[in-house]
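Notes follow once the structure below has been shown.
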Amino acid sequence: TGSSGFLGTYISNKLSISEMSVINGSISKKTSGFKKFLTLYSDIEEVLMTEGISDIIHCASVMPSSYESATYEDIFLPNIEMMNNLYKFALRSEVKRFIYISGFGTVSFEPEFKIEDFYSFSKLCGEHFVSLLKSKGICASSLRISAPYGEYLERQNVINNFVNKALKNEDITLFGSGKREQNFIYAGDIFRAINLFLNS
């Protein structure tokens, strides 16, 4: 899912050169070789039930423009409904493996989670769906990804801004106090983890 996003594109391109038969899914645009789904993958069973799906890599998400603007109705509920649609499909089609790409990395493994916005809350709930899948006998895992970068990243982020300015010998601007920290992860390392999971 989410094959038209950055990580989805990266994973799709890497899997396409493997020996696996891959179905790329997206709700945002019709691209050659992609399956176009209705919002929140509500029609996934009708579209894919006869395909014999063995693995799902779930990269799709309803993203807020900012964490502060994430609301229960616009962000939390749609992400939960999407996950529930995939959960039901995974059970009914008897998939073997399910990987949930959880696009936030701000919460450590603590007894008391410090959730401060509805987007992060929805991602944490998605991880609990993964636990439900495990309880039903599906090999499932959640990968918490913080700030991925790499090939096929079209939007500007800190790393490509930094590199582009350095190559042009331009000043590199720090915003705010310059004390904010961020963990970046290369998309190739994410793909390697996914590949190990699919082949283990």
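Quick caveat, the model's predicted, so the values are computed rather than measured.
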| CG/Asp171: more than 12 non-hydrogen atoms of other groups inside 6.0 Å | no
| Interatomic spacing from CG in Leu7 to CG in Leu143 - rounded to 0.5 Å | 10.0 Å
| query | Do Tyr67 and Ile80 sit in the same hydrophobic cluster, where Ile, Leu, Val, Met, Phe, Trp and Tyr count as joined when their side-chain heavy atoms come under 4.5 Å apart? | reply | yes
| message | How long is the straight-line distance from CE of Met83 back to CG of Leu133, given to the nearest 0.5 Å? | response | 6.0 Å
| said: Name the residue from Leu77, Thr39, Asn79, Asp74 that meets the side chain to side chain contact (heavy atoms under 4.5 Å, CB included) definition with Val62. | reply: Asn79
| request: Quick one: closest heavy-atom pair of Gly150 and Tyr186, and the distance? | output: CA-CE1, 4.0 Å
| query | Counting heavy atoms not belonging to Phe162, are there more than 12 under 6.0 Å from its CZ? | reply | no
| message | Between Leu91 and Tyr87, is there a side-chain heavy-atom distance shorter than 4.5 Å? | response | yes
| field | Polar side chain donor-acceptor pair, Glu68 to Tyr119, under 3.5 angstrom | value | no
| message | Can you see whether Ser12 engages Thr9 through a side-chain donor-acceptor pair at a distance of less than 3.5 angstrom? | response | no
| field | side-chain contact (heavy atoms from CB on, under 4.5 Å) assessment of Ile56 paired with Ile53 | value | CA-CA 8 Å; Ile56 294 175; Ile53 305 295; 4.1 Å; yes
| task | Indicate yes or no for a side-chain donor-acceptor contact from Lys36 to the backbone of Gly25 under 3.5 Å, with no hydrogens or angles considered. | result | no
| request: Determine, for Lys88 against Glu45, whether the closest basic-nitrogen to carboxylate-oxygen distance falls under 4.0 angstrom. | output: no
| How far apart are the C-alpha atoms of Phe118 and Lys123, what are their side-chain angles, what is the distance that settles it, and do they pass the side-chain contact (heavy atoms from CB on, under 4.5 Å) test? | CA-CA 9 Å; Phe118 279 110; Lys123 302 311 280 184; over 6 Å; no
| query | Are more than 12 heavy atoms from other residues, nucleotides or ligands located less than 6.0 Å from atom CZ of Phe121? | reply | no
| said: Counting C-beta onward and ignoring hydrogens, is there a side-chain heavy-atom pair between Cys59 and Ile11 closer than 4.5 Å? | reply: yes
| OG/Ser69 to CD1/Ile75 distance, rounded to the nearest 0.5 angstrom? | 6.5 Å
| Rounded distance (nearest 0.5 Å) linking atom OG1 of Thr173 with atom CG of Asn161 | 9.5 Å
| remark: On a heavy-atom basis, the closest approach of Ile190 and Pro148 is CD1-CB, 3.9 Å
| message | Quick check for you: to the nearest 0.5 Å, what is the distance between Ile57 atom CD1 and Thr1 atom OG1? | response | 9.0 Å
| Does any N or O in the side chain of Asn199 come within less than 3.5 Å of the main-chain N or O of Asn195, such that one atom is a donor and the other an acceptor? | yes
| field | Ser177 side chain to Lys179 backbone, donor-acceptor under 3.5 Å | value | yes
| message | I'd like to know if the side chain of Ser26 reaches the main chain of Gly2, judged simply by a donor and an acceptor atom lying under 3.5 Å from each other, with no hydrogens or angles considered. | response | no
| message | Applying side-chain contact (heavy atoms from CB on, under 4.5 Å) to Val95 and Asp55, what does each step give before you reach the verdict? | response | CA-CA 6 Å; Val95 302; Asp55 309 303; over 6 Å; no
| task | May I ask you to decide if the ring planes of Phe37 and Tyr41 are parallel, tilted or perpendicular, using 30° and 60° as cut-offs? | result | tilted
| field | side-chain contact (heavy atoms from CB on, under 4.5 Å) between Leu198 and Arg97, intermediate numbers included | value | CA-CA 7 Å; Leu198 292 177; Arg97 290 169 292 270; 4.1 Å; yes
| query | Transitively linked via ILVMFWY side-chain contacts under 4.5 Å: Met82 with Met63? | reply | yes
| request: Tell me, with the steps shown, if Glu151 and Lys14 meet salt bridge (charged side-chain N to carboxylate O under 4.0 Å, His left out). | output: CA-CA 11 Å; Glu151 302 91 326; Lys14 293 294 183 182; 5.3 Å; no
| task | For residues Phe129 and Tyr100, establish whether the separation of their ring centroids is below 6.0 Å. | result | no
| Any side-chain heavy atom of Phe98 within less than 4.5 Å of one from Leu86? | yes
| remark: Heavy atoms of Phe6 and Tyr149 approach each other most closely as CZ-C, 3.5 Å
| said: Please check: side-chain N/O of Asp43 versus main-chain N/O of Glu46, any donor-acceptor pairing under 3.5 Å? | reply: no
| said: Closer than 3.5 angstrom, by distance alone: can the side chain of Ser42 be matched with the main-chain N or O of Leu38 as a donor-acceptor pair? | reply: no
| message | More than 12 heavy atoms of other residues, nucleotides or ligands under 6.0 Å from OH of Tyr72: yes or no? | response | no
| Does any non-hydrogen side-chain atom of Ile99 lie less than 4.5 Å from one of His58? | no
| task | Enter the distance from Glu81:CD to Ser122:OG here, rounded to the nearest 0.5 Å. | result | 13.0 Å
| query | Side-chain contact, heavy-atom cut-off 4.5 Å: Phe34 with Ser4? | reply | yes
| task | Without swapping roles, check the side chain of Ser120 against the backbone of Asp117 for a donor-acceptor pair under 3.5 Å. | result | no
| Should Ile101 and Ile194 count as side-chain neighbours, where that means a heavy-atom distance under 4.5 Å? | yes
| message | Any salt bridge linking Glu94 with Lys136? Criterion: basic side-chain nitrogen under 4.0 Å from a carboxylate oxygen. | response | no
